[in-house]
2 protein chains.
Amino acid sequence: MKKNNNDTMQLIMDTGQFLIQERGYNAISYADIAERIGIKKASIHYYFPSKQDLVQGILHRYRKEFLNELDQIDQISINSEEKLFRFFQHYRETLANDAKLCLCSMMAAELVSFPIEIRNEINGFFRDNENWIEKVIEQGKESGSMDYQISSREQSRIIMAFVQGAQLLARSSGDLHYYDVMVENLIKKLKP
Amino acid sequence: MKKNNNDTMQLIMDTGQFLIQERGYNAISYADIAERIGIKKASIHYYFPSKQDLVQGILHRYRKEFLNELDQIDQISINSEEKLFRFFQHYRETLANDAKLCLCSMMAAELVSFPIEIRNEINGFFRDNENWIEKVIEQGKESGSMDYQISSREQSRIIMAFVQGAQLLARSSGDLHYYDVMVENLIKKLKP
DNA sequence: GTCTATAAGATGATAGAC
DNA sequence: GTCTATCATCTTATAGAC
């Protein structure tokens, strides 16, 4: 049984992802990542020949893991209100852990730096989120716990825009409480 | 009457601001700006010795001009609904003109790249916006055109988070219509 | 698979001529 | 005020030893 690449490779992706979420793609280098891990730049190039390869790998994994997380929420929640609350909590954790942003909102800000395939994957992530929220809202409408005046699709997009903006503003303010109060009040507004 | 620095200086700031709103602070260089204007890098260093000086100048001017714009909206609008609509239109124009983001949401994404004075100015911009929206909502509550269930302050923060996120997602989707429909539906939700 | 060494180019910044 | 020339440093990336 051969020793797996995975240890180093995952460590590179973990560190790269962390730094991108914190600082942005254009603010980090192979040297930053290598130094943090305690390896050399050339080792990163072995796994990810170019920086675009690296960010694509990180992005693809992130999207996949995020979908798993949403799946988990579906399984452990008893109703749509709880699902939505856990959704907001998930975005809160990113912020609470070293003041990071969602990988895709950071990359969406730096959108022009990326080729079309990567842009499509970023948009895919947003669509994943919207689709999931839409289903949750549909469920909430059926059970009578959510506002049925505007379409579920549009409601899900508003929530998605809100959560990305809330994360950005809360980090900028340096106060996690800022995020909590905003979410609390938005949830009020989603009720019928 | 001496020839004014202002021509070149303003041109540098205009170009720098444009490029930051499009690509981000860490994605642009003195060379990019110089090339666009048709001057040399050294000329930019004459007006703005360091890159931080440049971004601080751009940011300060942006915040001032934005406050003027909000003042203008106050003067030409007949009620709070119109004010809010024009507010969203202003953010829409940024997006419509070469798919740029708000300077401060871009800089908020790159927050860790900046020293404390610049971070404070970014937050000042967000506070300016929140204060203005809060007043508009107060006015709307008095005239009965806006939802009075949650505090005006919190409602203004939700709107601020929303508009920043909406801009980000709409640009990423490449479809301005995405922004319009979101705004339209959010406005519905703000009514009593 | 990880390293050293190195390339080729870009970056922010400065000195000094005009 | 704008330029040329130059700097030290950092960047992504590759070749080749171990």
Side-chain angles (χ1 to χ4, degrees), chain A residues 1-20 22-59 61 106-107 110-115 117-118, chain B residues 1-59 61 106-107 110-118:
Chain A
M1 220 186 292
K2 74 171 161 110
K3 170 95 162 51
N4 209 325
N5 312 348
N6 256 320
D7 290 349
T8 306
M9 194 170 178
Q10 293 299 317
L11 203 52
I12 292 167
M13 290 174 87
D14 291 345
T15 310
Q17 183 184 325
F18 178 93
L19 289 173
I20 294 172
E22 187 187 64
R23 309 177 190 181
Y25 173 79
N26 290 307
I28 70 157
S29 67
Y30 274 54
D32 292 328
I33 298 169
E35 197 181 11
R36 291 223 163 196
I37 303 178
I39 57 175
K40 298 294 167 181
K41 289 191 296 172
S43 298
I44 304 179
H45 281 288
Y46 172 78
Y47 293 102
F48 304 98
S50 80
K51 205 181 171 187
Q52 298 274 4
D53 292 327
L54 173 60
V55 76
Q56 193 145 25
I58 290 170
L59 177 56
R61 188 186 67 164
M106 183 61 92
M107 290 184 68
E110 297 178 297
L111 198 75
V112 276
S113 300
F114 305 115
E117 320 94 69
I118 292 185
Chain B
M1 216 185 296
K2 75 170 161 107
K3 168 97 161 50
N4 209 325
N5 309 350
N6 257 321
D7 290 349
T8 306
M9 195 171 177
Q10 292 300 317
L11 203 52
I12 292 167
M13 290 173 89
D14 291 345
T15 310
Q17 184 183 324
F18 178 92
L19 290 172
I20 294 172
Q21 288 185 255
E22 186 187 64
R23 311 178 189 180
Y25 174 78
N26 290 307
I28 68 157
S29 68
Y30 274 54
D32 292 328
I33 299 169
E35 197 180 10
R36 291 222 162 195
I37 303 179
I39 58 175
K40 298 294 166 180
K41 287 194 298 172
S43 298
I44 304 179
H45 281 288
Y46 171 77
Y47 293 102
F48 304 99
S50 79
K51 204 181 172 187
Q52 298 274 2
D53 292 327
L54 173 59
V55 77
Q56 194 144 24
I58 291 170
L59 177 56
R61 188 186 68 162
M106 184 60 93
M107 290 184 67
E110 297 178 297
L111 198 76
V112 276
S113 299
F114 305 115
I116 188 70
E117 319 96 67
I118 292 184

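All values derive from a computational prediction rather than experimental measurement. Chain A is the first sequence line, chain B the second, and so forth, proteins listed ahead of strands; every chain is numbered from 1.
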Counting only side-chain nitrogens and oxygens, does [X] get under 4.0 Å of the OP1 or OP2 atom of [N]?
{"X": "A:Y47", "N": "C:dT2", "result": "yes"}
{"X": "B:K51", "N": "C:dG12", "result": "yes"}
{"X": "A:T8", "N": "C:dT2", "result": "yes"}
{"X": "B:S50", "N": "C:dG12", "result": "no"}

Can you tell which of D:dC3, D:dT12, C:dC3 lies closest to the side chain of A:H45?
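The answer is D:dT12.
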Nearest to the side chain of A:K41, heavy atoms from C-beta on, is which of C:dT4, C:dT14, D:dA13?
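Of the options given, the side chain of A:K41 lies nearest D:dA13.
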Nearest whole Å is fine: how far is [N] [atom2] from [X] [atom1]?
{"X": "A:N6", "N": "C:dT2", "atom1": "CG", "atom2": "C1'", "value": "17 Å"}
{"X": "A:F48", "N": "D:dT11", "atom1": "CZ", "atom2": "P", "value": "19 Å"}
{"X": "A:L54", "N": "D:dT12", "atom1": "CG", "atom2": "P", "value": "10 Å"}
{"X": "B:K40", "N": "D:dC3", "atom1": "NZ", "atom2": "P", "value": "7 Å"}
{"X": "A:M9", "N": "C:dT2", "atom1": "CE", "atom2": "C1'", "value": "16 Å"}
{"X": "A:Q52", "N": "D:dT11", "atom1": "CD", "atom2": "P", "value": "17 Å"}

Any idea which heavy atoms bring [X] and [Y] closest together, and the distance?
{"X": "A:S113", "Y": "A:N26", "value": "OG-ND2, 3.0 Å"}
{"X": "A:M13", "Y": "A:I58", "value": "CE-N, 3.6 Å"}
{"X": "A:I118", "Y": "A:M107", "value": "CG2-CE, 3.7 Å"}

Can a donor-acceptor pair be found between the side chains of B:Q21 and B:Q17 at a distance below 3.5 Å?
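On atom types as modelled, these side chains qualify, holding a pair under 3.5 Å.
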Tell me which residues in residues 13-36 of chain B put a heavy atom below 4.0 Å from DNA chain D, sorted by number, or none.
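Under 4.0 Å from DNA chain D: no residue of residues 13-36 of chain B.
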Side-chain donor-acceptor pairs of residues 31-38 of chain A under 3.5 Å, sequence neighbours excluded:
residue : atom : partner : partner atom : Å
A:D32   : OD2  : A:S29   : N            : 3.0
A:D32   : OD2  : A:S29   : OG           : 3.3

CD1 on A:I12 to CD1 on A:I39, rounded to 0.5 Å:
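With rounding to 0.5 Å, CD1 (A:I39) is 4.0 Å from CD1 (A:I12).
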Below 4.5 Å, heavy atoms only, C-beta onward: do A:K51 and A:Y30 meet side chain to side chain?
yes
